[in-house]
Amino acid sequence: MLEISELRKRFGGGPGASEGKVALDGISFAVRPGEMFGFVGANGAGKTTTMRIVMGVLQADSGSVSWEDRPLAYDDRRRFGYMPEERGLYQKMRVGEQIEYFGRLHGLGQQAAKKATDDLLERLGLTERRGDAVQTLSLGNQQRVQLAVALVHDPEVLVLDEPFSGLDPIAVDALATALQERCRSGVPVIFSSHQLELVERLCDSVGIVAAGRMVATGTVADLRAAESNTLRVVVRDPAPGWADGLPGAVTATDGKHVLLADGERDDQEILRRAMKAGHVEHFGVERPTLTEIFKEAVT
Amino acid sequence: MNGVMLVARREITTQIRTKAFVIGLLVTAVLVAAVSFAPTIMDRPDSYTLGTVNSQQLPLKAAAPDAEFTWRGFPDEAAAKQALLDGDVDAVLVDGTKVLTDGELGSELSVLLQSVNREVRLGAAGVSIPPLQMVSVGADTRYEAARTGIAVVLVLVLFMLLMGQVMMVAMGVVEEKSSRIVEILLSTLRPWQLLGGKIIGLGVLGLINLVTILAVGLVAAAASGLAADFPPGIPGLVAGVLLWFLLGYAFFATLGAALASLVSRQEEVGSVMTPLTMVIMLTYFVAFYATNDPTGTLATVVSYIPPFSSMVMPVRMAATEVPLWQAGVSMAGMVLAVLAVLGFGAKIYERAVLRTGARLKLGDVLRAR
Ligand SMILES: Nc1ncnc2c1ncn2[C@@H]1O[C@H](COP(=O)(O)OP(=O)(O)OP(=O)(O)O)[C@@H](O)[C@H]1O
Ligand SMILES: [Mg+2]
């Protein structure tokens, strides 16, 4: 399990000084093996800062990161796969050689690195571009190479900062499948994204960060359930005035009445009244989308 | 260590395949070969064509063994004058008493003709004069010209290679920093491995260049006959030059990498490197001065002071005889300086290379944490 606890980071200003900009204000969360964790939050919320601290390219002012119940060490990180927010590749180096090189740096032998590279290029649809310089690739294809670099050594943990940005729908699906596969084999995956539908579709759990704090975390279902409190009832052709005295407001279109009720209410009484009034087409608590939860949480 | 080697190998394989490297190597090889042939082509032995009308040929070759003389006989003065005016001969000896020329004769040839003529006449009259014996009481100056030549070429080559490789190191550091690839690299490598691998890789490329230049130069000098004038001890000089190059390179490249890690954009490399390039230039000027005055106080003193010694000492060694202990002391000093710089430079690099954004101040980096 990867555990991030109480990370704090301030940019600018001296140590202990009160000036400077607080980027992280006590972020904590955990990602279990085989879990896909979606990291969402407004621009500047602190996602990238958190991931950079996890990868050891930035030092936290306080707090800790632990992996399998001990402090995360340099040798552990070598077995992580990382995709930084600002993509970095050797522009003049060939695609295949570049992926192989990173495989070797992560400790693969020459043969193993070559094989892993071939497999990844095949999966990412880049086999024909193996011998081309990275700079001749389109942005999206460079992004695929960047991903291959993060995946080549079959990492134990994946930390991906906005891996889906800039990809076409086909590539999004290919990447999603690749990540799900890694996940199924027990790898914890953390990725940040602003595409909330995607996060909702892929992730087992999400963390919403705002101004350097984790404001909500849990499974998508839990979050939606926790946030949901609006009852929605749809009745066809009810008797007029059927909802008089019930909490909430009714809107009617073409004989279809929709009742939305918030707050204190007696759900069973509402259902009885509705069934008496007409044909009940829908009765249930509204599940907000992740987008709605997100907006709610960060404002 | 494995990481260092992987990084070094990447530097070497990517550079060696670039057109710039291959063309650069070819151009320097051709230039060095040209330099090795130039003196023999320009210094051709003097050659004269002389004519006779009703005269004996003079034994000029015996008096001037380095020059070439060709003799032609003419039946009369008219034919000889025509040949002179056509430029076929340089001078014509008539009746053993008169020399015809076209305009004024070069003083070397005329002095030669006069003195040989005098000697022949005196010899015929039974007077023989023993030639003057030449004895030098100063230092052996036979190789002075060759030594100076070698030193000048050496100083140019060392300077160009040093500057080139150090700039490559600096640009490589900034390339990795600006593209943020350093974030991925440093999640699997220690900063010193990345820095060390880069310096070693580009150093090997510099050595390939230097060895090529030295090999082409020596082979070309042997082929052109220039090597005949070379002083003894060339193999030792070559070994010394390679060592000194490595030391100088390690010193400047480490500092270059440290300075370059302070900036995040290629455009800023030049300005952040200015102090270092100034020191390299200064080293070069002093070394160049030393080619002229290798035994002077300035050259002698500076050849002990790192990092100047890295260029001035090999130049002194080429330009004059340097006692072994002097070279040893100077080298020990430079090795210490390199070790100090490695520690200091690696620290700066480690602290600065992940801090992208505005140019960092050296003082802030040193003070941080
Ligand atoms: N190197 C830095 N120097 C100063 N401030 C920084 C630095 N890096 C990040 N910050 C600040 O820290 C805060 C968090 O930034 P971070 O990049 O982590 O946000 P993010 O959640 O990744 O945003 P985005 O969605 O835009 O990528 C921001 O206010 C940012 O200005
Ligand atoms: Mg970010």
Side-chain angles (χ1 to χ4, degrees), chain A residues 11-12 14-15 48 51-59 61 72 74-94 97-110 113 133-135 142 145-150 152-153 155 157-161, chain B residues 1-21 168 171-194 196-198 201 261 264-266 350-358 360-361 363-364 367-369:
Chain A
F11 286 105
T48 299
M51 292 177 147
R52 296 183 72 205
I53 290 173
V54 170
M55 288 315 297
V57 294
L58 194 68
Q59 306 302 317
D61 295 338
L72 182 59
Y74 167 79
D75 284 322
D76 301 319
R77 287 201 182 94
R78 290 199 61 200
R79 285 175 271 123
F80 283 25
Y82 177 45
M83 186 161 169
E85 172 176 57
E86 281 178 71
R87 313 300 183 213
L89 292 170
Y90 288 111
Q91 289 292 320
K92 299 202 174 85
M93 207 171 169
R94 293 177 193 157
E97 282 171 11
Q98 179 131 236
I99 302 173
E100 268 180 62
Y101 175 60
F102 278 98
R104 299 290 319 268
L105 286 182
H106 281 285
L108 295 186
Q110 190 158 3
V134 168
Q135 63 189 356
Q142 292 192 21
V145 178
Q146 190 84 53
L147 187 76
V149 162
V152 62
H153 54 295
V157 177
L158 276 172
V159 179
L160 311 171
D161 203 349
Chain B
M1 220 50 210
N2 193 23
V4 175
M5 285 307 134
L6 284 169
V7 174
R9 210 184 59 184
R10 193 200 81 86
E11 295 294 338
I12 296 170
T13 47
T14 41
Q15 289 299 333
I16 240 170
R17 275 201 304 236
T18 59
K19 277 202 198 79
F21 180 81
M168 294 263 278
M171 271 157 29
V173 166
V174 176
E175 180 199 1
E176 283 167 356
K177 190 174 173 185
S178 69
S179 72
R180 300 283 192 132
I181 199 167
V182 70
E183 280 198 18
I184 321 178
L185 290 168
L186 290 189
S187 63
T188 175
L189 286 170
R190 301 274 194 200
W192 66 264
Q193 292 179 307
L194 183 56
K198 184 173 284 298
S261 72
S264 304
R265 294 183 303 136
Q266 291 288 0
E350 187 173 341
R351 289 179 179 184
V353 75
L354 283 167
R355 288 171 61 183
T356 25
L360 302 168
K361 291 207 184 67
D364 291 348
R367 243 172 284 131
R369 262 186 300 137

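First the proteins, then the strands, lettered A, B, ... as listed; each starts at 1. All values reported here derive from a predicted model rather than from experimental measurement.
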At what distance, to the nearest 0.5 angstrom, does CD1 of A:Ile99 lie from CG of A:Leu147? 9.5 Å
To the nearest 0.5 Å, what is the distance between CZ on A:Arg94 and CD on A:Glu100? 11.5 Å
Please enumerate all residues that pass side chain to side chain contact (heavy atoms under 4.5 Å, CB included) together with A:Ala133, with sequence neighbours excluded. A:Gln135, A:Thr136
Spacing of CD1 belonging to A:Ile53 relative to OG1 belonging to A:Thr48, to within rounding of 0.5 Å: 11.0 Å
Checking A:Asp161, A:Val159, A:Leu58 against A:Arg52 for side-chain contact (heavy atoms from CB on, under 4.5 Å), the one that qualifies is A:Leu58
Show me the pairs that pass salt bridge (charged side-chain N to carboxylate O under 4.0 Å, His left out) and involve residues 80-89 of chain A, at least two apart or across chains. A:Glu86-B:Arg180
Max heavy-atom pair count under 4.5 Å with chain B, selected residue of A:Gln146, A:Met93, A:Arg79: A:Met93
Taking all atoms of both residues into account, what is the closest heavy-atom pair of B:Ser264 and B:Ser178, and its distance? O-CB, 2.9 Å
Can you name the residues that form a side-chain hydrogen bond (donor to acceptor under 3.5 Å, both in side chains) with A:Arg78, not counting sequence neighbours? B:Thr188
Looking only at A:His153, A:Met55, A:Arg77, A:Arg104, the option with the highest number of non-hydrogen pairs under 4.5 Å against chain B is A:Arg104
Rounded to the nearest 0.5 Å, the CD atom of B:Glu176 sits from the CD1 atom of B:Ile184 at a distance of 11.0 Å
Residues of residues 12-20 of chain B with a heavy atom under 4.5 Å from any heavy atom of chain A, in residue-number order, are B:Thr14, B:Arg17
Give, as side chain, backbone, both or neither, the part of B:Val7 having an atom under 4.5 angstrom from any heavy atom of chain A. both
Taking it one step at a time, do B:Leu354 and B:Glu183 satisfy side chain to side chain contact (heavy atoms under 4.5 Å, CB included)? CA-CA 7 Å; B:Leu354 283 167; B:Glu183 280 198 18; 4.1 Å; yes
Considering only heavy atoms, which portion of A:Tyr90 lies under 4.5 Å from any heavy atom of chain B: side chain, backbone, both, or neither? both
Pair count under 4.5 Å, heavy atoms only, with chain B: among A:Gln91, A:Met83, A:Glu97, highest is A:Glu97
When the 4.5 angstrom heavy-atom criterion is applied to A:Gln98 and chain B, the contacting part is side chain
Could you look at A:Tyr82 and say if it's the side chain, the backbone, both or neither that has a heavy atom under 4.5 Å from chain B? both
Go through A:Leu89, A:Val149, A:Asp75 and name the one with the most non-hydrogen pairs under 4.5 angstrom from chain B. A:Leu89
